[in-house]
Novice: 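Sending over a structure as structure tokens; questions will come in a sec.
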Amino acid sequence: MQGHGVRVTSDNSEVVRRSSVVWIATKPHTVAPVLREISPVVRRDQLFVSVAAGTTLNSLAKNLPEGTKVVRCMPNTPVVVRSGVTVYSRNGTVNGEDKELVEHMLGSVGLGMEMPEHYMDIITGLTGCGPSYMYVMLDALADGGVYAGIPKEIGLRLIAHTMIGAAKMVLENGKHPQELKDDVCSPAGTSIQAIRTLEKAGFRGIVMDAVHAASKRALELSRLDNGETKDVYVKR
């Protein structure tokens, strides 16, 4: 790692002493012990950014010195290819300069967007889990191609690019997805026949239920992180 100018150590406190921004990227159940370990060497000028799932700003702050600047993030896996979506929330001690720094860091791996923390569990079910929904859809479409007679590896490549193109149309065209869908569906054509099949199977409702289920589970994990053990539910 020295060849890349990266210092490596197994001492968490040493990391904090040498850093202005500290990323918390442990498993959720180890966050509190790690924060308690490093708390004695934390400085007021430092910024702590957590990507630990279900770990609230309050639970982070209570294990750090009073007044510590804390940011909570929910990224998704496409950050690996710099096309991720990361939603973040910050506590009251994080100032405008810190916010700019956070957005610069998150922007280097995709889209970074600030949201109130009470949306974070829903965001987890929407964009945090979102890639998994896309992968299932992609694989199902490719299997449809196989069923119709196209080799799967060809179908996967074609559908992946189709997803990219459709997403760019939404982001750059300015039209609502419903309108874009209508542009593809000609009267008595092939696309509207496919859409009718999806609608008969309850496609929209299934997708909505999937997001709700994931959001509900994220909320349960957040409540467990705060010491609550009873079942909790996202309001419909």
Novice: Please determine whether the number of non-hydrogen atoms from other residues, nucleotides or ligands lying under 6.0 Å from atom CE of Met208 exceeds 12.
Specialist: no
Novice: Please report the interatomic distance SG(Cys129) to CD1(Ile123), rounded to the nearest 0.5 Å.
Specialist: 11.0 Å
Novice: Applying side-chain contact (heavy atoms from CB on, under 4.5 Å), can you list everything that pairs with Thr77, at least two apart in sequence or on another chain?
Specialist: Pro131, Tyr135
Novice: Nearest heavy-atom pair of Ser13 and Asp11: which atoms, and what distance?
Specialist: N-OD1, 3.0 Å
Novice: Between Leu106 and Gly112, which heavy-atom pair has the shortest distance, and what is it?
Specialist: CB-CA, 4.0 Å
Novice: Main chain of Arg17, side chain of Arg43: is a donor-acceptor contact present, judged purely on distance under 3.5 Å?
Specialist: yes
Novice: Keeping Glu117 on the side-chain end and Leu57 on the backbone end, is there a donor-acceptor pair under 3.5 Å?
Specialist: yes
Novice: Could you pull out the closest heavy-atom pair between Arg44 and Glu66, with the gap in Å?
Specialist: NH1-O, 3.3 Å
Novice: Is it the case that more than 12 heavy atoms not belonging to Met113 sit under 6.0 Å from its CE atom?
Specialist: no
Novice: Looking at Arg90 and Asp98, does any basic side-chain N land under 4.0 Å from a carboxylate oxygen?
Specialist: no
Novice: Taking the side chain as C-beta and beyond, is there a heavy-atom pair between Arg18 and Arg7 under 4.5 Å?
Specialist: yes
Novice: Do Tyr133 and Leu138 pass the side-chain contact (heavy atoms from CB on, under 4.5 Å) test, and can you show the C-alpha distance, the side-chain angles, and the key distance before you say yes or no?
Specialist: CA-CA 9 Å; Tyr133 315 150; Leu138 194 159; over 6 Å; no
Novice: What I want to find out is whether Asp183 reaches Lys175 closely enough, with some N-O distance under 4.0 Å, to be called a salt bridge.
Specialist: yes
Novice: Give a yes or no on whether a salt bridge exists between Arg157 and Glu153, defined as a side-chain N under 4.0 angstrom from a carboxylate O.
Specialist: no
Novice: Does any N or O in the side chain of Asn63 come within less than 3.5 Å of the main-chain N or O of Leu35, such that one atom is a donor and the other an acceptor?
Specialist: no
Novice: Roughly how far, to the nearest 0.5 Å, is the CG atom of Leu158 from the CE atom of Met163?
Specialist: 12.5 Å
Novice: Would you say that Thr9 contacts Val15 through its side chain, given a criterion of any heavy-atom pair below 4.5 Å between the two side chains?
Specialist: yes
Novice: So, taking the atom named CG in Leu141 and the one named CE in Met134, what distance separates them when rounded to the nearest 0.5 Å?
Specialist: 10.5 Å
Novice: Output, in order, the C-alpha distance, side-chain angles, deciding distance and verdict of side-chain contact (heavy atoms from CB on, under 4.5 Å) for Tyr119 and Met74.
Specialist: CA-CA 11 Å; Tyr119 287 136; Met74 171 45 63; over 6 Å; no
Novice: Within the side chain of Arg72, is there an N or O that forms a donor-acceptor pair under 3.5 Å with the backbone of Thr55?
Specialist: yes
Novice: Cys73 and Thr86: which non-hydrogen atoms are nearest, and at how many Å?
Specialist: CB-CG2, 3.8 Å
Novice: Nearest heavy-atom pair of Ala53 and Pro28: which atoms, and what distance?
Specialist: O-CG, 3.3 Å
Novice: Could you grab the distance from atom OH of Tyr88 to atom CE of Met120, nearest 0.5 Å is fine?
Specialist: 10.0 Å
Novice: Decide whether Val87 and Leu126 are clustered together by the hydrophobic rule: side chain heavy atoms of Ile, Leu, Val, Met, Phe, Trp, Tyr closer than 4.5 Å, transitively.
Specialist: no
Novice: Test Leu47 against Val71 for side-chain contact (heavy atoms from CB on, under 4.5 Å), laying out the working first.
Specialist: CA-CA 8 Å; Leu47 178 65; Val71 173; 3.9 Å; yes
Novice: I need the Asn95 CG to Leu101 CG distance, nearest 0.5 Å.
Specialist: 10.0 Å
Novice: If you measure from the Lys or Arg side-chain nitrogens to the Asp or Glu carboxylate oxygens, is any gap between Asp139 and Lys152 under 4.0 Å?
Specialist: yes
Novice: Could you pull out the closest heavy-atom pair between Lys69 and Asp45, with the gap in Å?
Specialist: NZ-O, 3.3 Å
Novice: Side-chain contact, heavy-atom cut-off 4.5 Å: Val21 with Val49?
Specialist: yes
Novice: What's the spacing between Ser59 OG and Leu64 CG if we round to 0.5 Å?
Specialist: 10.0 Å
Novice: Does NE2 in His104 sit with more than 12 non-hydrogen atoms of other residues, nucleotides or ligands closer than 6.0 Å?
Specialist: no
Novice: Using atom types as modelled and distance alone, determine if a side-chain donor or acceptor of Ser215 lies under 3.5 Å from a backbone N or O of Val211.
Specialist: yes
Novice: Can you check whether Pro78 reaches Val85 side chain to side chain, under 4.5 Å on heavy atoms?
Specialist: no
Novice: Distance-only criterion, 3.5 Å: show the donor-acceptor pairs between side-chain atoms of residues 193-205 and protein atoms not counting sequence neighbours.
Specialist:
| from | atom 1 | to | atom 2 | distance (Å) |
| --- | --- | --- | --- | --- |
| Thr197 | OG1 | Gln193 | O | 3.1 |
| Glu199 | OE2 | Arg204 | NE | 2.7 |
| Glu199 | OE2 | Arg204 | NH2 | 3.4 |
| Arg204 | NH2 | Gln178 | OE1 | 3.3 |

Novice: Are Leu60 and Val16 grouped together when hydrophobic residues (ILVMFWY) are joined by side-chain heavy atoms under 4.5 angstrom apart?
Specialist: yes
Novice: Under a single-linkage definition using a 4.5 Å side-chain heavy-atom cutoff for Ile, Leu, Val, Met, Phe, Trp and Tyr, are Val207 and Met137 assigned to the same hydrophobic cluster?
Specialist: yes
Novice: Could you go through the side-chain contact (heavy atoms from CB on, under 4.5 Å) check for Asn173 and Leu180 one step at a time?
Specialist: CA-CA 9 Å; Asn173 192 289; Leu180 291 170; 4.2 Å; yes
Novice: Using only atom types and a distance under 3.5 Å, with no angle test, would you say the side chain of Asn91 pairs donor to acceptor with the backbone of Val70?
Specialist: yes
Novice: Has Thr68 got a side-chain atom pairing as donor or acceptor with Pro65's backbone, closer than 3.5 angstrom?
Specialist: yes
Novice: Quick check against the 3.5 Å criterion: does Ser83 have a side-chain atom that pairs as donor or acceptor with the backbone of Gly110?
Specialist: no
Novice: Tell me, do Val31 and Ile24 make a side-chain contact under 4.5 Å, heavy atoms counted?
Specialist: yes
